[in-house]
Amino acid sequence: MESPGLTFPFGTELRCHTLFFCCEATPESEGKSKEAEIKRINKELANIRSKFKGDKALDGYSKKKYVCKLLFIFLLGHDIDFGHMEAVNLLSSNRYTEKQIGYLFISVLVNSNSELIRLINNAIKNDLASRNPTFMGLALHCIANVGSREMAEAFAGEIPKILVAGDTMDSVKQSAALCLLRLYRTSPDLVPMGDWTSRVVHLLNDQHLGVVTAATSLITTLAQKNPEEFKTSVSLAVSRLSRIVTSASTDLQDYTYYFVPAPWLSVKLLRLLQCYPPPDPAVRGRLTECLETILNKAQEPPKSKKVQHSNAKNAVLFEAISLIIHHDSEPNLLVRACNQLGQFLQHRETNLRYLALESMCTLASSEFSHEAVKTHIETVINALKTERDVSVRQRAVDLLYAMCDRSNAQQIVAEMLSYLETADYSIREEIVLKVAILAEKYAVDYTWYVDTILNLIRIAGDYVSEEVWYRVIQIVINRDDVQGYAAKTVFEALQAPACHENLVKVGGYILGEFGNLIAGDPRSSPLIQFNLLHSKFHLCSVPTRALLLSTYIKFVNLFPEVKTTIQDVLRSDSQLKNADVELQQRAVEYLRLSTVASTDILATVLEEMPPFPERESSILAKLKKKKGPNTVTDLEEAKRERSADVNGGPEPAPASAASTPSPSADLLGLGAAPPAPAGPPPSSGGLLVDVFSDSPSAVAPLAPGSEDNFARFVCKNNGVLFENQLLQIGLKSEFRQNLGRMFIFYGNKTSTQFLNFTPTLICSDDLQTNLSLQTKPVDPTVDGGAQVQQIVNIECVCDFTEAPVLNIQFRYGGTFQNVSVKLPITLNKFFQPTEMASQDFFQRWKQLSSPQQEVQNIFKAKHPMDTEITKAKIIGFGSALLEDVDPNPANFVGAGIIHTKTTQIGCLLRLEPNLQAQMYRLTLRTSKETVSQRLCELLSEQF
């Protein structure tokens, strides 16, 4: 019997024999066993085998029919061990349907190790050389479907020629581009770069949009590893994108999808542009117009109520926003993108709300759009409370974390704590870590920090890791001003009938160290403190009991009046004969120590814990580990750490810098002893702090755009310093007085390892004298898609004008790479803002009136003269912005002190804008001429 037809991937309906029981299915046959099915298939296989081995030669139709049956049997899950040669013979047929079945069989059943591969390759070569577009298409499809290394070796050099040939049909060009893309993904080393690369870029101008779409996919993948070869694609991609977004839906009828012109191509072009930094000004202007048009169209009423229309429209919009975020250079576009996403936060479609929250997390890392993101805080908080989908709630938590700064930290932490009580169990630990990080990072009043962490333990104690309660103890011990409050607070918290064990740990440690600070109150006498802790003892695990025993021996030293009571506890059988060896040993040793040691010896052995040496918080490392392996996207963390001065106002100066580290210094560990230099400087030349190699290669000249990126960091401390197709360098830094610490993130953007990865800091002789830098080494191997971090400790010894150079050398795919960028350590980083009244300012201004103390510069504005941006830049520069001081309200005045190890230099500045002339006059007065000159140079470049 003949079947009515079978449809295969190539789209042709084939007439062939009924495949066994398929067409003969009856209620009885449907109930047949697996054995009956196998019997029927074996019978059919025997019949086909006999036909192939028979004396009578089969015509093309019969071969096609039986090969098709074999293919169907294979798809049913049965092994096929014959028929391959017949399928290969079909490749030489001149009939499309026969050739098609042959290629289909080859694509599915023939592996790369087959003895027939040479015959198959010869047949494919013949079809590629035939110039018959139908046969060429079948051959290219087969190559792409198999995609083996053998196929790549045979055809990787031939397909690019077909792709760029002038007489190749459009449909064949499409297939050739996608086939080459498949081979490049499986065997990139076998696809040769050559003259064809410059010609394939021009396919972006092809009249056939199908060719353009396929070529864009290919160029995007190739450009990720060979950016220089395809950099000319940027202008062509912008030109093509401009034509699409400005066209009416009727202009591209064949490629218009529900009134959206060529949405797939638009998305691909936008992704291609994300492979490169912002283009030159001429192309950038046209690209900006395209992005503005996309944002404008998003505001227009929908042309269709169907979901396909909104999906296509929003796909282009979100990819455009991704490009805006990637470039991070157009404040207006970033703010508009933020406002557009803000509208989606309350959209009825859950997927849109999710994507909006996810994109806004990245926008929050930009200095230009951070404030705009913060305006949506109430909407995000409401989403946290009302969203039904847990994944959307988790993105809301991520966005609150990203938008947090010193101005809104207490509100965001309070909302997170409130949500934590009802949060899904799957995300509680992550929320706990984020609350702990934000509370520490933005704590100005450390009593609030203590309250927050204790509240965190009360609400979600099971999810509070050791890193969290370790950290609160470190901070309390290192800060004299909070120790008494912490002791009083944990004492009150422990009085609750049911306390989490983590609270008992914190309480035991803090009362053991600082219980004496609250012992004067009869309500918290030494005996009451001991009884309170001991009432929790029998409910705790062995590690917590061990900690409490240490607290008890501390009490013996702090409170002699409870010594007898504690000795009785230590002497009890439950302690001296405890089944746990650790508890038994502690009880025996502590009892003996309290009995034989004199008061002086006891006081020496059990003296108060010294301050902990500051180091990088382990909580942040734990959060990153929980979010997954380090990827290049983690570099966004560096951009999220914005300058506290810009976002939350200047930090208050510490009360006593000598005895107690400032909040900023405490968290950064600037007061800790610096690590030893990585190596001695060379005997001649500049200071060379080499992390790995004793004999580095020659240092490369500064990378293109290095000076521009350097200037961007004068008024900010965090962001992406350098990026190409292989490497991304992010910075996160903070400065306090004459000390600083910088975290440098090196991200591998490829899938291939970086070997012998060697970052080196280079300073001139003069800079070496005035600026002290110590580095910590990094791993010499950077896995594909991963990042490594390097810490640089900085000390300003004296004022300086130059900047150190960061040189990175490594091997990628056997090729030596050498990159140099200027590291943005500038004199203004050691600025501390100073608030002054109008009278004090002008009195000091007159005192600094000698010609050597004043530097003035009149210059043309390079950027739009926006008042708010100007204020943010002056604050970011480091000085305090003094309001209502200058008689002319349009002028800006600031004051601060440059801190060095050897001296402090007062500084006053005045910026006078002239909107009509688009000019500025900047005047700086300091007590040292070189400082005035350098600060004037740095600040002038910002406007």
Side-chain angles (χ1 to χ4, degrees), residues 244-245 249 256-264 266-267 270-271 291-325 333-366 369-404 408 411-412 415-416 418-428 430-431 434:
I244 293 173
V245 300
S249 58
T256 296
Y257 181 77
Y258 287 87
F259 304 100
V260 181
W264 283 275
S266 300
V267 167
L270 290 165
R271 286 183 180 170
L291 296 172
E292 287 178 342
T293 302
I294 293 172
L295 292 174
N296 290 338
K297 286 185 176 181
Q299 300 290 335
E300 296 175 358
K303 296 180 180 178
S304 171
K305 293 182 179 181
K306 293 189 175 181
V307 68
Q308 291 92 336
H309 170 72
S310 61
N311 285 347
K313 186 176 177 182
N314 291 330
V316 177
L317 173 63
F318 276 101
E319 206 61 51
I321 290 173
S322 295
L323 179 61
I324 293 169
I325 295 171
L333 286 178
L334 285 161
V335 172
R336 285 196 62 189
C338 179
N339 293 337
Q340 179 62 54
L341 293 172
Q343 296 178 20
F344 288 145
L345 291 181
Q346 295 177 314
H347 199 278
R348 60 184 176 84
E349 176 60 44
T350 303
N351 289 335
L352 278 182
R353 297 197 300 274
Y354 179 94
L355 291 171
L357 289 166
E358 188 175 50
S359 298
M360 288 185 80
C361 284
T362 314
L363 273 175
S365 67
S366 171
S369 56
H370 180 74
E371 292 299 321
V373 172
K374 285 166 57 179
T375 61
H376 300 284
I377 185 170
E378 296 299 333
T379 306
V380 179
I381 290 172
N382 185 58
L384 196 63
K385 296 175 179 178
T386 60
E387 274 290 349
R388 294 182 179 180
D389 191 311
V390 62
S391 62
V392 180
R393 294 198 297 273
Q394 185 166 4
R395 292 288 80 79
V397 171
D398 291 342
L399 180 52
L400 286 174
Y401 177 74
M403 71 167 61
C404 187
N408 59 16
Q411 179 188 5
I412 287 177
E415 292 295 344
M416 283 189 171
S418 175
Y419 172 62
L420 189 56
E421 298 193 43
T422 57
D424 300 82
Y425 294 109
S426 59
I427 62 173
R428 284 194 178 189
E430 185 180 325
I431 297 174
K434 288 181 174 178

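Only a predicted model underlies this, so the values are computations on that prediction, with no experimental measurement involved.
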For the residue pair [X] and [Y], what are the closest heavy atoms and their distance?
| X | Y | result |
| --- | --- | --- |
| Tyr401 | Met416 | N-CE, 3.7 Å |
| Glu421 | Arg428 | O-NH2, 3.3 Å |
| His309 | Tyr258 | ND1-O, 2.6 Å |
| Ser266 | Pro261 | OG-O, 3.8 Å |
| Ala396 | Leu384 | CB-CD1, 4.1 Å |
| Tyr354 | Ser391 | CE1-O, 3.7 Å |

Starting from the C-alpha separation in whole Å, work towards a yes-or-no answer on side chain to side chain contact (heavy atoms under 4.5 Å, CB included) for Val373 and Leu399.
CA-CA 9 Å; Val373 172; Leu399 180 52; 3.9 Å; yes
Measure the shortest side-chain to side-chain distance between [X] and [Y] over non-hydrogen atoms and say whether it is less than 4.5 angstrom.
| X | Y | answer |
| --- | --- | --- |
| Leu291 | Leu270 | yes |
| Asp389 | Arg353 | no |
| Leu341 | Phe318 | yes |
| Ile377 | Ile381 | yes |
| Glu430 | Val397 | no |
| Leu357 | Val392 | yes |
| Ile412 | Met403 | yes |
| Lys313 | Pro263 | no |

Point-to-point distance, once rounded to the nearest 0.5 Å, from [atom1] of [X] to [atom2] of [Y]:
| X | Y | atom1 | atom2 | result |
| --- | --- | --- | --- | --- |
| Ile427 | Lys434 | CD1 | NZ | 9.0 Å |
| Lys374 | Cys338 | NZ | SG | 12.0 Å |
| Ile321 | Leu355 | CD1 | CG | 10.0 Å |
| Asn339 | Thr375 | CG | OG1 | 6.5 Å |
| Met360 | Gln340 | CE | CD | 11.0 Å |

Heavy-atom donor-acceptor pair, [X] side chain to [Y] backbone, under 3.5 Å:
| X | Y | value |
| --- | --- | --- |
| His370 | Ser365 | no |
| Ser366 | Leu363 | no |
| Asn296 | Glu292 | yes |

Over 12 non-hydrogen atoms of neighbours within 6.0 angstrom of CD in Gln346:
no
Side chain to side chain contact (heavy atoms under 4.5 Å, CB included) assessment of Leu317 paired with Phe344:
CA-CA 12 Å; Leu317 173 63; Phe344 288 145; 3.4 Å; yes
Qualifying residues under salt bridge (Lys or Arg N to Asp or Glu O under 4.0 Å), relative to [X], sequence neighbours excluded:
| X | answer |
| --- | --- |
| Arg271 | Glu319 |
| Lys297 | none |
| Arg393 | Asp424 |

Answer yes if the side chains of Gln394 and Glu387 hold a donor-acceptor pair under 3.5 Å, and no otherwise.
no
Carefully, step by step, assess Gln411 and Glu378 under the rule side chain to side chain contact (heavy atoms under 4.5 Å, CB included).
CA-CA 10 Å; Gln411 179 188 5; Glu378 296 299 333; 3.0 Å; yes
Test log, rule side chain to side chain contact (heavy atoms under 4.5 Å, CB included), inputs Asn351 and Asn314:
CA-CA 11 Å; Asn351 289 335; Asn314 291 330; over 6 Å; no
